[in-house]
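The structure appears right after this line, and notes come after that.
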Amino acid sequence: MSGLSRKFYLTTAIDYVNAPPHLGHLYEKVCADTIVRFHRLNGEEVFFLTGVDENAQKNEQAAIKAGLPVKVFVDKNAHLFKKLCKIYNISNDDFIRTTEKRHTKVVQLVFQKMYDNGDLYKKYYEGYYCTGCEEFKTEKDLVNGKCPEHNTAPMWLKEENYFFRLSKYQDSLSELLSEGQFVLPLEKRNEVAARLKEGLKDLSVTRPNLTWGITTPINPEHKIYVWIDALTNYISALGYPNGEKFKKFWPADAHLIGKGINWFHSVIWPAILLSAQIPLPKLVLVHGYITVKGSKMSKSKGTVINPLELAKKYSVDAIRYYMLRAIVFGEDGDFTEESLVERTNNELVANIGNFIHRTLTFISKNFDGVVPKPDNFDDDDVKFQKRIEVIAETVGKRLGKFELDKALKEIVEFSQEGNRYFQHKEPWKTKNPNCLYLCVNALRSLAILLEPFIPSSVEKLWSQLNLEGAVAEQNWSSASKLLIKELHTIGKPKVLFKKIN
RNA sequence: GGGAGGGAAGCUUAAGUGGUUAUAAGCACCGGACUCAUAAUCCGGCGACAAUGGGUUCAAAUCCCAUACCUCCCA
């Protein structure tokens with residue numbers, strides 16, 4: 001353990017604001033939040049960025065459909081994303097909106113730098129264009145002459161666009177991706193590397209004749225297309241090029257993204273940065289999708305889950321706990337309310353909640369709320385004490401590897417160990433002081449260990465333990481110490497997690 | 001159309017990468033103990049012949065081939 005304070009910069013993808021947030025948006029934010037909270041507890045200086053992509057044509061189209069001015073429409077949905085963060089205790093340090101001046105000017109600067117570097121050139125392009133996809137399609141892409149995605153006939157379009165010499169960076173990118181640790185999990189790295197071998201084509205990075213979006217600095221007729229615009233949020237939010245935050249936090253320690261935008265983050269984004277001569281991020285961290293009944297949430301199937309609504313039905317921490325625990329990080333995971341209820345009742349309530357509550361009420365009722373003075377430890381006591389001594393490291397290792405679900409599993413097992421120990425020592429017969437002394441310390445450990453996952457519940461636990469400060473201010477490794485001493489008076493016990501139904 | 005991956009107890013998973021009757025965890029289910037605790041807890045039991053069909057081998061869940069299904073990436 002070094003005493004050096006390090007920095008940790010984590011981003012999420014920025015979300016389209018063409019619709020209100022769904023559960024997938026929340027999942028990414030909760031994962032990110034858990035990761036950064038862990039890093040904060042480790043004493044690192046953290047910057048955690050999330051935000052929304054407002055410049056996409058998709059947003060404009062959705063606004064028109066809704067019969068609202070684009071700005072009004074976008075404001076409305078952006079507000080919902082901010083609200084989502086607030087409700088779910090997402091501890092983001094900033095929230096960027098790509099229509100903000102601080103962003104648009106950086107996008108133009110990056111564009112200019114790429115241009116100055118000779119990486120952008122003008123070219124006529126002709127072909128089928130699907131307005132839904134905002135993309136040119138080849139004949140092969142079409143099914144019965146229609147875009148299979150949108151089921152609409154594309155139009156024949158002849159456009160003058162600026163192209164980015166992506167091909168120029170083929171070798172640098174191949175090298176970046178062969179090194180192994182740039183994209184995690186490794187299967188995701190392999191997918192990108194395999195596609196890279198097929199060769200890179202230059203990329204169209206502007207669109208003419210649009211009304212919504214950021215104008216290029218070199219030609220007022222052209223708007224900057226999604227790539228250079230959206231991805232640049234990761235540095236514009238830090239005040240690139242001269243901002244203090246940029247100097248302190250860039251390069252990003254991880255970009256947390258969904259698997260669908262892996263290519264953009266693992267190939268296009270590094271290429272843009274290389275072209276603009278900006279250092280590359282350290283890691284692209286890819287998570288899976290939340291599915292409902294085994295397939296993607298879809299509007300037509302009516303399986304889209306609105307997390308703002310969900311929070312009215314279940315507690316925020318139960319939802320956070322469930323998503324983090326039940327979904328293997330990096331893989332897709334199915335969401336059902338039944339399993340949410342099951343996890344909550346069996347683990348959060350019956351295991352963790354019970355251990356907390358039985359310990360606290362026992363001390364409260366039998367020792368007037370005062371932690372008893374321990375005697376000499378017997379073998380059981382020593383065994384449990386040792387468990388406490390290693391738990392911070394055990395869970396920390398998992399979190400360091402982004403194994404959020406496994407980390408949580410370790411914590412559940414620790415809590416179960418507590419229940420087992422308590423049961424075995426039978427303090428209701430013996431009034432065994434060692435047992436209560438160790439268990440109440442285990443609760444303090446649990447509070448810290450669980451802080452990244454269920455931050456709000458854990459603060460309540462902290463105050464029931466009548467401890468100073470906030471859990472979020474504690475040091476991770478102190479979760480393995482017995483810092484609650486004899487004669488400490490605990491607060492009033494109160495049920496933390498309620499059983500559902 | 002090309003490529004990658006997956007199938008394990010009723011369900012969800014972890015381990016296992018050639019060797020006798022496949023190692024485990026949680027949920028569910030059954031039984032017991034206990035009563036401090038939100039009928040929570042603790043202990044014990046139940047339970048899979050490994051997607052299917054072939055092949056290699058003295059021996060395969062583990063290697064190879066084929067087929068079906070699911071997922072993903074690409075076109």
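Order of the sequence lines fixes the chain letters, A, B, ..., with proteins taken first and strands second; residue numbering starts at 1 for each chain.
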Given the ring of A/Tyr322, does A/Arg343 sit roughly above its face, with NZ or CZ under 6.0 Å from the centre of the six-membered ring and within 45° of the axis?
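Checked: cation-pi criterion not met.
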Watson-Crick or G-U counterpart of [N], or none if no pair lies under 3.5 Å:
N     : answer
B/U67 : B/A51
B/A75 : none
B/A39 : none
B/U17 : none
B/A8  : none
B/A61 : none
B/A22 : none

Which part of the nucleic acid does [X] contact within heavy-atom distance under 4.0 Å: base, sugar-phosphate only, or nothing?
X        : value
A/Phe497 : base
A/Glu413 : nothing
A/Leu496 : base

Give me the ring orientation class for A/Tyr169 and A/Phe164: parallel if the planes are under 30° apart, tilted from 30 to 60°, perpendicular past 60°.
tilted
Shortest non-hydrogen contact from A/Lys282 toward A/Phe182:
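Where A/Lys282 meets A/Phe182 most closely, the heavy atoms are O-CD1, 3.8 Å.
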Does OP1 or OP2 of [N] have a side-chain N or O of [X] closer than 4.0 Å?
X        : N     : value
A/Lys365 : B/A37 : yes
A/Arg420 : B/C43 : yes
A/Arg195 : B/C74 : yes
A/Lys499 : B/A40 : yes

Taking the [atom1] atom of each, how far is [N] from [M], in whole Å?
N     : M     : atom1 : result
B/U52 : B/A8  : C1'   : 15 Å
B/U62 : B/U57 : C1'   : 13 Å
B/C63 : B/A33 : C1'   : 49 Å
B/C11 : B/A28 : P     : 16 Å

Between [atom2] of [N] and [atom1] of [X], the distance in whole Å:
X        : N     : atom1 : atom2 : value
A/Asn366 : B/A37 : CG    : C1'   : 12 Å
A/Asn354 : B/U41 : CG    : P     : 6 Å
A/Glu410 : B/A25 : CD    : P     : 16 Å
A/Leu404 : B/A14 : CG    : P     : 15 Å
A/Arg189 : B/C73 : CZ    : P     : 18 Å
A/Gln416 : B/U41 : CD    : P     : 9 Å

So if I take every side-chain heavy atom of [X] and compare against [options], which nucleotide ends up nearest?
X        : options             : value
A/Thr361 : B/A37, B/C72, B/C42 : B/A37
A/Lys429 : B/C36, B/C27, B/U35 : B/U35
A/Glu347 : B/U38, B/G26, B/C36 : B/G26

Side chain of A/Asn366, backbone of A/Ile363: donor and acceptor closer than 3.5 Å?
no
For A/Trp428 and B/C36, say yes or no: do the ring centres fall under 5.5 Å of each other while the ring planes differ by less than 30°?
yes
Output the distance between atom CZ (A/Phe367) and atom OH (A/Tyr437), rounded to the nearest 0.5 Å.
14.0 Å
Between the base of B/C36 and the side chain of A/Gln423, is there any donor-acceptor pair under 3.5 Å?
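Yes, the side chain and the base share a sub-3.5 Å donor-acceptor pair.
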